[in-house]
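Proteins get letters first, then strands, A, B, ... in listed order; numbering begins at 1 in each. Values below: every heavy atom of this structure, side chains too, minus hydrogens, waters and symmetry copies.
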There are 2 protein chains.
Amino acid sequence: MGPTIRDVARLAGVSKSTVSRVLNGDPNVAEETRNAVIAAIKEIRYTPNALARGLNTRKTGTIGLIISDITNPFHAEVARGVEDLASDFDSNVILCNTDGRPKKEAAYIDLLVEKRVDGIIFTSVKTDESDMTNLRSRRIPFVFAGRTLPDVEADSVVVDNILGGFQATNHLLRLGHQRIAYLAGPSHVSASMDRYEGYCQALRRAGIEPDPQLVIEGDFKQEGGYRAMSALLDRSLGITAVFAANDYMAMGALEAIYERGLRVPEDIAVVGFDDIPFARLHLVQLTTVAQPKYDIGAIAARMLFERIDGKAQDEPSRRVVLPPRLVIRRTCGEYLGQRDFAEPNRPSRAAEPPVGTT
Amino acid sequence: MGPTIRDVARLAGVSKSTVSRVLNGDPNVAEETRNAVIAAIKEIRYTPNALARGLNTRKTGTIGLIISDITNPFHAEVARGVEDLASDFDSNVILCNTDGRPKKEAAYIDLLVEKRVDGIIFTSVKTDESDMTNLRSRRIPFVFAGRTLPDVEADSVVVDNILGGFQATNHLLRLGHQRIAYLAGPSHVSASMDRYEGYCQALRRAGIEPDPQLVIEGDFKQEGGYRAMSALLDRSLGITAVFAANDYMAMGALEAIYERGLRVPEDIAVVGFDDIPFARLHLVQLTTVAQPKYDIGAIAARMLFERIDGKAQDEPSRRVVLPPRLVIRRTCGEYLGQRDFAEPNRPSRAAEPPVGTT
DNA sequence: AATGCGTTCGGGACCGGTCCCAGGAAGGAT
DNA sequence: ATCCTTCCTGGGACCGGTCCCGAACGCATT
């Protein structure tokens, strides 16, 4: 179909080896021949075939991104970080929406292996170690971004969810709240459990024993937050504040609160987690714990490329823990006192300094 | 590295041709040999190499998606539609964020050509025909989703922006508004101009001559909407309603309005365009013109695959125009009267019926 | 003059598949 | 018995590159 390297060679009066050399910037090519080749390339509008090249270099310049749903602003931001960094490394990213379905995820992994991607970034992880054996045996590197699988040995970059939960809860405590509810995510998601852990630590540090009645499970969605908050409100437990496991649930909670004619933050204070764009809205102004979403993606991609380029070939897996950041807006009332973001008690972990981004 | 088709052949005691046959579901293979081959494939965990296959079938099972920014919820939704449909066609999509930069876009096009993608979907289009010649000469099909280039002959799927602008403005008129401002997008974007056209038609139909003073250009972003609305308010032009070219600008407008202590919709009514997720929020409840975002992506992908599969090989380019839908929420006040969504006057276009989706 | 080294280049095997072509076996028709 | 089909299978060219190997040449060294 299109012109091949042979056509260029013929036109330039050289062998295809030589064309290949100038294509790959080999210095051992006479200036004159190089120019002839370049001229020929331009003349017939030659574009190298990445398939053929990838076939024997075993590098495709493509990575896979497995994500639950790109429509989710949190994931979109992570994806953006991944894509930007891939672009810096002259790579492309193949987008895979799994909706959290293990079957779809497994199918995508197979496809990506067929395409011989250089590596994979997992954002949504419902699969277990067994699905990774294929990647392992083919030495296709992969890293987890945002979430981790406890029993899978692999690079990962996550936010410090325990610390985040601690910050959110501590903020509420400082404002004088005592009865603080926790709107949890699904219990099998480590992020939600870690945030809960931070919540408990903050409470205990303030001399308050966590009350199981004040914890209710949701699904990380607005609807779930709405239902959970409504249920909590119905029981009249004397709640004055609520910490939602993510912003979507906080949104649902707000809705439930307003629906009952209660005011935020006067009657009930609300703090979320993630800092998705809507939280910033003038009309919402949600106080929340921000995750460095873009950086999560960018750092994950950077780690992946370090594996791909062989720099970190056989090093043990690394775990980058990024700090969350409490963003104080309106839903908790103004807090102007001294900030206290002391680290919660927990086993010290050797967190490498975050890899720089961009 | 990994096992190849030859390894399978050796183990199964057949030739690689035969293995290839069972791989591709050729019926002319004896049941017995087929089983032997399948067993061998399983035993050595063989995964076909899509690069090698693509090299001579000239099909990669990959399409490119060129988008300005996946972080934008409108684009994310379109992307989701594209990806879902690609998945149905056993294809992958390569995500390309261009931020609207022509250079980045051109670079991505080159990359996608090198990777020999089966086709490309353009969402953001800043480039002109010249950039498409490469695609044309290589017969790589492409379709535009959401936006079009007037002078480029290609398949496209867009929403009827004129009608949408008409609906939004007409809604405001029916509610009794006379001084209606238009917060435009960048003037080189056809979508914004078309919405303006619909705005003018609705006004004229109501016997009102559009007042240039009431039109102000923004950038499709919240910040731009805020500034534009502020400027408008400062001039005290007697505005009672505003139609923003998209929801982001409407958000900015709301902010400007609230900041001045004005009420929505009592003092000023607001209607947007797009219906991005935030518009639905209880706290916002933006009346807006909804675009079938997902369908735009899905239909575009379907059209692309029709070209790829050769079904629509050499047919003239098609243009699918999808209807917008006015979603009445709170920012204009309740409108309970009879709906009148008459088509505005404009050159009749032979709009094919939308291709069905999923 | 013989040797050695560096630069420049061409030849051709190879990456891992697809697919065309030919050939053998089996079975039916003549 | 011969011929023709049909079904199944193997051989090998080919897709479009990369990269190893070795040849040719110029020039300095001994």
Side-chain angles (χ1 to χ4, degrees), chain A residues 1-38 40-41 44-62 110-111 113-118 138-140, chain B residues 1-38 40-41 44-62 110-111 113-118 138-140:
Chain A
M1 206 67 173
T4 76
I5 200 170
R6 261 165 266 260
D7 299 323
V8 176
R10 199 172 309 133
L11 184 60
V14 298
S15 75
K16 64 192 166 76
S17 304
T18 301
V19 178
S20 177
R21 283 189 190 98
V22 343
L23 244 27
N24 294 299
D26 187 320
N28 285 343
V29 177
E31 201 52 30
E32 199 180 353
T33 32
R34 178 186 308 277
N35 289 334
V37 169
I38 291 175
I41 287 175
I44 58 176
R45 293 240 181 78
Y46 166 74
T47 311
N49 184 324
L51 295 177
R53 187 189 317 143
L55 191 53
N56 46 19
T57 59
R58 286 137 201 298
K59 279 275 173 72
T60 54
T62 307
D110 283 347
L111 252 173
V113 171
E114 284 195 15
K115 300 247 163 101
R116 299 298 192 262
V117 293
D118 296 333
R138 295 187 172 272
R139 318 211 72 206
I140 296 177
Chain B
M1 206 67 172
T4 78
I5 201 171
R6 263 165 263 260
D7 299 324
V8 176
R10 199 172 308 133
L11 184 60
V14 298
S15 75
K16 64 194 166 73
S17 303
T18 301
V19 177
S20 177
R21 283 190 190 95
V22 342
L23 244 27
N24 294 300
D26 186 322
N28 283 344
V29 177
E31 200 54 30
E32 199 180 353
T33 32
R34 179 185 307 276
N35 289 335
V37 169
I38 291 175
I41 287 175
I44 59 175
R45 293 240 180 79
Y46 167 74
T47 310
N49 184 323
L51 295 177
R53 188 189 316 143
L55 191 53
N56 47 17
T57 59
R58 285 136 202 297
K59 278 274 173 73
T60 53
T62 307
D110 284 346
L111 251 173
V113 172
E114 284 194 14
K115 299 248 162 97
R116 299 297 192 261
V117 292
D118 296 334
R138 295 188 171 273
R139 316 211 74 204
I140 297 178

Nearest-Å distance for atom pair CG/C1', residues A/D26 and C/dC9: 11 Å

Which heavy atom of B/R21 sits nearest a heavy atom of B/N28, and at what distance? CD-O, 4.4 Å

Would you mind reading off the distance between B/R116 atom CZ and D/dC15 atom P, rounded to a whole angstrom? 14 Å

Please state how far atom CD1 in A/I5 lies from atom P in D/dG16, giving the value in whole angstrom units. 11 Å

Quick check for you: among D/dC8, C/dC15, D/dC15, whose closest atom lies nearest to any side-chain atom of B/A30? D/dC8

Any N/O pairs under 3.5 Å between the protein and nucleotides 19-26 of chain D? List them or say none.
unit_1	atom_1	unit_2	atom_2	d
D/dC19	N4	A/S17	OG	3.2

Taking for A/Y46 and for B/G13 the nucleotide of DNA chain D with the nearest heavy atom, the one nearer the 5' end belongs to B/G13

Start with the C-alpha distance between B/T60 and B/R53, add both sets of side-chain angles, then the distance that settles side chain to side chain donor-acceptor pair (under 3.5 Å), and finish with yes or no. CA-CA 8 Å; B/T60 53; B/R53 188 189 316 143; over 6 Å; no

B/A40 and B/A12 have their tightest heavy-atom pair at CB-CB, 3.9 Å

In whole angstroms, the gap separating P of D/dT18 from CZ of A/R6 amounts to 11 Å

Within the 4.0 Å heavy-atom criterion, would you say B/N49 contacts the bases, only the backbone, or no part of the nucleic acid? sugar-phosphate

Look only at the side chain of B/D26 and the backbone of B/V22, and say whether a donor-acceptor pair between them is shorter than 3.5 Å. no

If we count only N and O atoms by modelled type, under 3.5 Å, do the side chains of B/R116 and B/T62 hold a donor and an acceptor together? no

Rounded to the nearest Å, what distance is computed from the NZ atom of residue A/K59 to the C1' atom of nucleotide C/dC15? 16 Å

Using only side-chain N and O atoms of A/S15, determine if any of them is under 4.0 Å from OP1 or OP2 of C/dG11. no

Side-chain N or O of B/T18 closer than 4.0 Å to phosphate OP1/OP2 of D/dC8: no

